[in-house]
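Nothing here was measured: the structure is a model prediction, and the numbers come from that model. Side chains included, hydrogens not; waters and symmetry mates left out as well; all remaining heavy atoms used. First listed ligand is number 1; within each ligand, the first listed atom is number 1. Numbers here are sequence positions counted from 1.
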Amino acid sequence: MTIQTLPTTPFTDQRPGTSGLRKKVTVFAQAHYLENFVQALFDVLPAATGLTLVLGGDGRYYNRVAVQTILRMAAAKGYARVLVGQGGILSTPAVSAVIRASQASGGIVLSASHNPGGPDGDFGIKYNIGNGGPAPEKITEAVFARSKELQQIRISDSAGIALDVLGDYLLDGMQVTVIDPVSTYAELMRTLFDFDAIRKLFAGGFRLRYDAMNAVGGPYAKALLEGELGAPAGTVVNGVPLEDFGGLHPDPNPVNAEDLIAHMFAADAPDMGAASDGDADRNMVVGRKFVVSPSDSLAVLAAHATRVPGYAKGLAGVARSMPTSTAADRVAQALGIPCFETPTGWKFFGNLLDAGKVTLCGEESYGTGSDHVREKDGLWAVLFWLNLVAASGKSVEALVRELWAAHGRCVYSRHDYEAIPTDQADSLMAGLRAALPALPGSSVAGCAIALADDFAYTDPVDGSVSNKQGIRVILTDGSRVVFRLSGTGTEGATLRVYLERHEPDASRHDIEAQTALQPLVALAEALAHIRGITGMAQPSVMT
Ligand code: G16
């Protein structure tokens, strides 16, 4: 077996987005497309002599092919060892946990997260650094720059290894260890949560329905919930990872997890419902006939964290992405701890977590996590909720209603306009940016505007600046409309419009969100001319 140097020609479209490079499988399957990106990454990283790399993905179509290719390229790069999940499988939070536990120099995650899979679906790749978290922009931008000038790739001509059998292998002098995907992660969960209390909860008849959406969360949820915590068999549904997610769109929100919602609103609904996404870092929590918004979920976890063993000492602070509702800010203020507002993208939480400035973080996009790893973590959030229910004796709904009673309800919704031609989306955003200076102090569609800007973030730890992170328009009563283009889509552009209104009056807490937010929808249209520019009368998805 030898290391080969092969000529290649650069691709111009390999700029990582919000979370790595995501493209259609058909794009990744082009000759050298994956190899070029991996080579650009390896060229940017320092020498790998003596270093360990972690490798795994969510098992979607093309995962196995990509794992074998990357193993052969890692050997050429000179890594001493690669830890790869059995069958090429590792959830995103598990990659983070394994990097940290093994003191690896970094890891490669193969996933397009919540995007659909299969031959016509999406694939993705991202690099995580030694803290277990997504590489910061200075690395992803360097990889993009390198990808545009790449002339050759280096790869072993070995046939690859038997991915399905645990154990050690040699690949052109590099050690490859096929690891159990679940064990390191499960060990970490045992250190954080009161497993005895959760066991008692299930033993007492508490019913959970966990929909793994035919994605990578299944094996983790089955091992912990059914295997270790005594939840009855059948608690985890859609629990076997399939290459095309069985045709499901593995995005745990009320629209795509409609089957779970139907069960949770049925007459014999379980006590709690939950779902995780393609790579198991997102979560949705549902009470009986009661959907929990991700922003509220973060706020509830923060408010009650000291009930959970891993967080009993209290929180250093919390962080949320800018478009996420301000519910967590209100809890943080009451707790007397700081709340940081970052751009969208889990990578922006890394420095705050590393510096010990925050313990919990979360996003409106169904992501919640803590300093236990450097990724958001779907099953962790579900275990946290189970622990809270067990410790408080309260239902999911009661815990959220308590939050509203104490801090008011942040009525919230996100409207997505998908697959807009890129030029239309760009001109819509340009129009908004041009209008910004005149907005503060003005009134549009009957809304008095206090502040309007293009969110910019200065990282409080390393001082790095990220500009143009979303247009926010804040009204005098604190209501907000935020406009961003998604950085994770693979077809045209997706416009996200985030709407938030604070409702302090408890007698109005049951108001239907879309009704309560109607004035903000009208404001969004008046400001952005979405219908006029895109011709779309309605959002593609409202969550
Ligand atoms: C990724 C990021 C998240 C982000 C989400 C949506 O999640 O890690 O931080 O909130 O995308 O981003 P966008 O609005 O740009 O599409 P995931 O679960 O897709 O990896």
Among all protein non-hydrogen atoms, which one is nearest to atom 17 (P) of ligand 1, and what is the separation to 0.1 Å? Ser113 OG, 3.1 Å
Of the listed options (Lys347, Lys376, Arg484), which comes nearest to atom 1 (C) of ligand 1 when hydrogens are ignored and any heavy atom counts? Lys376
With no hydrogens and no angle check, do the side chains of Asp296 and Ser325 hold a donor and an acceptor under 3.5 Å apart? no
Output the list of atoms in ligand 1 that are nearer than 4.0 Å to some heavy atom of Arg496, sorted by atom number. 13 (P), 14 (O), 16 (O)
Report the member of Leu485, Thr344, Asp281 with the shortest heavy-atom distance to atom 4 (C) of ligand 1. Thr344
Less than 4.0 Å between a side-chain N and a carboxylate O, is that true for Asp281 and Lys376? yes
Does Leu55 reach the side chain of Leu90, with side-chain heavy atoms less than 4.5 Å apart? no
Got an N/O contact under 3.5 Å between Ser486 and ligand 1? yes
Could you tell me which residues satisfy side chain to side chain donor-acceptor pair (under 3.5 Å) with Arg501, sequence neighbours excluded, listed by chain and number? Glu503
So which protein heavy atom does atom 6 (C) of ligand 1 come closest to, and at what separation? Arg282 NH2, 3.8 Å
Taking only Lys NZ, Arg NE, NH1 and NH2, and the carboxylate oxygens of Asp or Glu, determine whether Arg472 and Glu341 approach each other closer than 4.0 Å. yes
Ligand-side contact atoms (ligand 1) for residue partner Glu363, heavy atom cut-off under 4.0 Å: 3 (C), 4 (C), 9 (O), 10 (O)
For atom 11 (O) of ligand 1, the protein heavy atom that lies nearest, with its residue and separation: Thr488 CG2, 3.3 Å
Ligand-residue contact atoms, ligand 1 with Ser365, heavy atoms, under 4.0 Å: 4 (C), 5 (C), 10 (O)
Can Thr326 and Arg330 be counted as having a side-chain donor-acceptor contact under 3.5 angstrom? yes
Gly345 neighbourhood, listing ligand 1 atoms whose heavy-atom distance to it stays under 4.0 Å: 9 (O)
What residues form a side chain to side chain donor-acceptor pair (under 3.5 Å) with Glu363, not counting sequence neighbours? none
